[in-house]
Amino acid sequence: MSGHSKWANIKHRKGRQDALRGKLFAKLAKGIEAAARSGGSDLDSNAALVQAVAKAKGQSMPNDNIDRAIKRGAGEVDGGAVYDELFYEGYGPGGVAVLVQILTDNRNRASSDVRVAFTRNGGNLGEPGSVSYLFDQKGLIVMTGDEDEIMMTALDAGAEDIRPAGGDELEVVTEAKDFQTVFKALEDGDQTLVRGEVTMLPQNTIDLDQDKANSLLRMMEALEDLDDVQEVYSNGDISDEVMEALSQQ
């Protein structure tokens, strides 16, 4: 499993997801605003907005928050801002690739903050293109429930893969263009949708022992704490045994 997916589970088990709920919603709203500003508020004609809204719903963001973010981005109400989307690339502990997605209204601040988070946690920034080629844009939907029913629903809707995600969770992987269709089919089904998003999945992964995994997760935590950071992706692979040990810390 990818470091990004396992990181989501680690945050949940350590209680970080609840602690960061307010910050998470603010970041999701920023993503919705940026999509609405660039492509308008019509979900039927703005694929980026559809994905941003689906991601927010996958994290249980209230509909009122989503609607307000769309209106701010589209200029229908005051308070919107113009954000630049940037990607920073580098390497973390154990030589794993780390890709950081940014939405910011201050490039200098974002660059400085990301560089500090890398260098203080045993990593180093690379040049543009140094690691992005190691990732593919995919839809990722995490489900719990009856495996056969989830598989049938997902495959019928166009999913490309279903795989274990640890515990009783399943990951449904889609092409980015098919994400909304598969997400809607699973959302309308009888099984439990945990979260869903269009994300960057690594083509290959690097196994990490407990020390390296702990160091990498500290770096990802430091990066995700930055207001300008939308997402942090890694190709580090953390075994279930290491996951369990880390969740006890």
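One is the number of the first residue; the rest follow in order along the sequence.
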Point to revise | Nearest heavy-atom neighbours spanning A157 and T181 | key: O-CG2, 3.7 Å

Exercise for review: State, to 0.1 Å, how close N121 and A222 come at their nearest heavy-atom pair, and which atoms those are.
Suggested key: ND2-CB, 3.7 Å

Pair [X] + [Y], salt bridge at N-O below 4.0 Å:
| X | Y | value |
| --- | --- | --- |
| D228 | K30 | yes |
| K55 | E231 | yes |
| K71 | D67 | no |

Between [X] (side chain only) and [Y] (backbone N and O only), is there a donor and an acceptor less than 3.5 Å apart?
| X | Y | value |
| --- | --- | --- |
| K27 | E224 | yes |
| S38 | A35 | yes |
| T174 | A176 | no |

Check your understanding: Are side-chain heavy atoms of E149 and D190 found at a separation under 4.5 Å?
Key -> yes

Check your understanding: Does the side chain of P128 come within less than 4.5 Å of F87's, by heavy atoms?
Key -> no

Once you round to the nearest 0.5 Å, how far does [atom1] of [X] lie from [atom2] of [Y]?
| X | Y | atom1 | atom2 | result |
| --- | --- | --- | --- | --- |
| D227 | D105 | CG | CG | 10.0 Å |
| K138 | K177 | NZ | NZ | 9.5 Å |
| D237 | L216 | CG | CG | 11.0 Å |

Would you say [Y] and [X] are linked by a side-chain donor-acceptor pair, where the criterion is simply a distance under 3.5 Å?
| X | Y | result |
| --- | --- | --- |
| E76 | S41 | yes |
| Q203 | D136 | yes |
| Q180 | Q51 | no |

Check your understanding: Excluding sequence neighbours, so at least two apart, what forms side chain to side chain contact (heavy atoms under 4.5 Å, CB included) with D211?
Key -> D209

Practice item. Hey, could you give me each pair passing salt bridge (charged side-chain N to carboxylate O under 4.0 Å, His left out) that has a residue in residues 120-129? Not counting sequence neighbours. Key: none

**Study point:** Members besides L193 in its Ile/Leu/Val/Met/Phe/Trp/Tyr cluster (side-chain heavy atoms under 4.5 Å)
**Key:** I141, M143, I150, M151, L155, I162, L170, V172, F179, V182, F183, L186, V198

Practice item. Start with the C-alpha gap between I102 and E85, add the side-chain angles, then the distance that decides, and say whether side-chain contact (heavy atoms from CB on, under 4.5 Å) holds. Key: CA-CA 5 Å; I102 299 286; E85 183 179 40; over 6 Å; no

